[in-house]
Asks: 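Please read through the structure below; I'll follow up with questions.
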Number of protein chains: 2
Amino acid sequence: MSTLPPTLGPSFRRAEPDARRLSLIEACARVLAKAGAAGASVRAIAQEAGVSPGLIGHYFGGVDALVTETYAHVDAQVSAALDAAVAAAGGDPCARLEAFVTASFAPPIGTRALLATWIAFWSLVTARGDIARQHDEQYAGYRARLEALLADCGVAADALRLAAISTTALVDGLWLELCLSPGCFTVAEAGAMARRHLDGVISPDRAPG
Amino acid sequence: MSTLPPTLGPSFRRAEPDARRLSLIEACARVLAKAGAAGASVRAIAQEAGVSPGLIGHYFGGVDALVTETYAHVDAQVSAALDAAVAAAGGDPCARLEAFVTASFAPPIGTRALLATWIAFWSLVTARGDIARQHDEQYAGYRARLEALLADCGVAADALRLAAISTTALVDGLWLELCLSPGCFTVAEAGAMARRHLDGVISPDRAPG
DNA sequence: TTGCTTGTTGAACGATCGTACAACAGCTGG
DNA sequence: CCAGCTGTTGTACGATCGTTCAACAAGCAA
C-alpha cells in the first residue's frame, strides 16, 4: 500500500529545497494543531506531508529543529496578520489600535487550530530552553508594538508599560477562551470587551464619585 | 541499585489505598509540571512517587485515567485556594471579589509549576474529549462563582455575563504571562491591573467627554 | 540516449513507551 | 510463630519513538 504502482509513473517528485522545507513546516503545524505536541512524531509529520520519514532528518537534522522552525514560522504568520489588520485600518491611530487588538479574534489568528499549535509550543517551554527564549522574544516584540500603538493614541509614557501588559493579557485571555469554548461568547462580544478596555486605558482617569 | 538491601529492612511499605492513590496523583502533578505532558510517562511518574511502574496500572488501570484524576485534583486545589481567599477577605462584597480575583497571582495558584500542569492539560484538550469536557465544566463553574461575587458588588444582571467573561480573561492572561515570564511585571502590578479592571466593571459607565 | 548528481525512500537499529502478569513480601488474624 | 491475604514488584511483551544510512530513481547535462 505504500508503493502501489512502481511502473505507472513517478513514485515521488523532487522539490526545491525551500519549497520542501516549507511544506514540511506546514505539515508540522497541522499535526501540532491536530494531535498536540505529543502526537507530533516524525512519522506523523512525514505522512501529513506525503513524504518519507527520513526526509525530516535530511532537511532539519531532527524533529526538534523542525518544531523550532515551525514555531518561528507560525509566529511570523501571526505577526503578518496583525500588520495587515493595522494597515487595513487606515490612518486613524485609535482605529489602528482597535484593529491590532481585535484581529486576534478573527481568522487566521482566532482559530482552534492556531490555539492548539500555540498550546503545543507552550507545553515545550518547560522542557526546552530555546523554545522559552523564543517565546520571551516574541512576547516582548508584541508588547512593544502595542505600546507604540497606544502611544499614538495619547497614552502617557509612564502608563504605557502596564497599559500594554493589561491589554495583552485581556486579549490573550479572550482569545484562549474563545478558541477553547467557541459557544461561550461571540467574536463580536470579544471585540466589544476589548474596545471597552481600550476606552478605559486611553481616556484619562476619571475622579471617583 | 534498584533493590540494594534485601535484608537490611523492608524493601517497600504497604499503604492505604486512598493514601497511595493520592501520592500517585501528586507525583503525576509534579511530573506534569516538570516535564510537560510528553514527559508524563508511567515510569517517570512511578519513579517520582518512589514505587514500581506496575502500581499505576493496579490503581488507575492506565496512565490516561491517572492524568484525568490528576486534573480533577489540581482543579479542586485551585478552587479550595480561591474559596479560602474569599473567606479570609471578610464580609465586604467588594473585598471578597478582589480577593477572589487577585488570589490567582499568589501561590499556590500563581506558580510556574501550576501553569506547567495546566498547559499539560490544555495540550490534551485537542486529543481527548473527556479532558475537553472536564475543562468546559470547570470554566463554567469558575465564571458562575465570579458572576455571583460581581452581583454582590452591584453589577447589573444583564451585564453580569460579559463582566465575568472579561474579568476571567484578564485574570487568566495576567496569570499566564506572570508565570511564563516572571520578570516582566510583578504580582502587585498584576493585582493593580485587575483592581482597575474591576473598578471599570463595577462602577456605572461614565459619560464621554 | 547515457551518465551523473542528489533528492528521496524505506528498512533497520536501539531506546522508550503502556500494559500485563506471575512471583515476591509486608502485614494481620490466628 | 505461622499461614493467608493482597499490596507491590519487576520483568516481559509488542508497539512506537527518533535517528541513521545504503540503495534507488528523478531530473538534468551532454
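This one's a predicted model, so the numbers in the text were calculated from it and none came from an experiment.
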Asks: Heavy atom of residues 17-25 of chain A under 4.0 Å from DNA chain D: which residues?
Replies: none

Asks: Do any N or O atoms from the side chain of A:Glu189 and from the backbone of A:Thr186 form a donor-acceptor pair under 3.5 angstrom?
Replies: yes

Asks: Between atom CG in B:Leu55 and atom P in C:dG26, what is the gap in whole Å?
Replies: 15 Å

Asks: Under the ring-ring contact (aromatic ring centres under 6.0 Å, His included) test, which residues partner B:Phe185, sequence neighbours left out?
Replies: none

Asks: Name all residues meeting the ring-ring contact (aromatic ring centres under 6.0 Å, His included) criterion together with B:Tyr139; count only those two or more places apart in sequence or in a different chain, and write none if there are none.
Replies: B:His135

Asks: Would you say A:Tyr59 reaches C:dG7's phosphate, i.e. side-chain N/O to OP1/OP2 under 4.0 Å?
Replies: no

Asks: Send over the distance from A:Gln47 CD to C:dT9 P, rounded to a whole Å.
Replies: 13 Å

Asks: The criterion is side chain to side chain contact (heavy atoms under 4.5 Å, CB included); which residues satisfy it with A:Arg13, sequence neighbours excluded?
Replies: none

Asks: What is the distance, rounded to the nearest whole Å, between atom CZ of A:Phe60 and atom P of D:dG18?
Replies: 15 Å

Asks: Does D:dT8 have OP1 or OP2 sitting under 4.0 Å from an N or O in the side chain of B:Ser52?
Replies: no

Asks: If I take atom CZ in residue A:Arg13 and atom C1' in nucleotide D:dA26, what distance separates them, rounded to the nearest angstrom?
Replies: 12 Å

Asks: Separation of B:Arg128 atom CZ from C:dG18 atom C1', in whole Å?
Replies: 13 Å

Asks: Taking C-beta and beyond as the side chain, do B:Val51 and B:Phe12 meet within less than 4.5 Å on heavy atoms?
Replies: no

Asks: Please give, in whole Å, the distance from C:dG10 P to A:Ile56 CD1?
Replies: 14 Å

Asks: What residues form a ring-ring contact (aromatic ring centres under 6.0 Å, His included) with A:Tyr142, not counting sequence neighbours?
Replies: A:Phe100

Asks: D:dT19 P sits how many Å from A:Ile45 CD1, rounded?
Replies: 10 Å

Asks: Shorter than 3.5 Å, N or O on both sides, protein versus nucleotides 19-23 of chain C: list them out with atom names.
Replies:
| residue | atom | partner | partner atom | Å |
| --- | --- | --- | --- | --- |
| C:dT19 | OP2 | B:Val63 | N | 3.0 |

Asks: Of the nucleotides C:dT8, C:dG26, D:dA26, which has the atom closest to the A:Ser11 side chain?
Replies: D:dA26

Asks: Distances for protein N/O vs nucleotides 2-4 of chain D N/O pairs under 3.5 angstrom?
Replies:
none

Asks: Are the side chains of A:Ile109 and A:Leu82 in touch, meaning some heavy atoms are under 4.5 Å apart?
Replies: yes

Asks: Scan residues 88-117 of chain A for pairs that pass salt bridge (charged side-chain N to carboxylate O under 4.0 Å, His left out), counting only residues two or more places apart or in two chains.
Replies: A:Glu98-A:Arg195

Asks: Enumerate donor-acceptor pairs with a distance under 3.5 Å from any side-chain N or O in residues 113-124 of chain B to protein atoms, sequence neighbours excluded.
Replies:
| residue | atom | partner | partner atom | Å |
| --- | --- | --- | --- | --- |
| B:Thr117 | OG1 | B:Ala113 | O | 2.8 |
| B:Ser123 | OG | B:Ala120 | O | 2.6 |

Asks: Do any N or O atoms from the side chain of A:Thr167 and from the backbone of A:Ala164 form a donor-acceptor pair under 3.5 angstrom?
Replies: no

Asks: Are the side chains of A:Arg143 and A:Arg161 in contact, using a 4.5 Å heavy-atom criterion?
Replies: no

Asks: Quick one: does B:Gln77's side chain get under 4.5 Å of B:Pro108's, heavy atoms only?
Replies: no

Asks: Of all residues at least two apart in sequence or in a different chain, which pass the side-chain hydrogen bond (donor to acceptor under 3.5 Å, both in side chains) check with A:Ser181?
Replies: B:Asp136

Asks: Could you list all the salt bridge (charged side-chain N to carboxylate O under 4.0 Å, His left out) pairs where at least one residue sits in residues 62-83 of chain B, not counting sequence neighbours?
Replies: B:Arg21-B:Glu69, B:Asp64-B:Arg128, B:Asp83-B:Arg145

Asks: Using a cut-off of under 3.5 Å, enumerate the N/O to N/O pairs linking the protein to nucleotides 4-6 of chain C.
Replies:
| residue | atom | partner | partner atom | Å |
| --- | --- | --- | --- | --- |
| C:dT6 | O2 | A:Arg14 | NH2 | 2.4 |

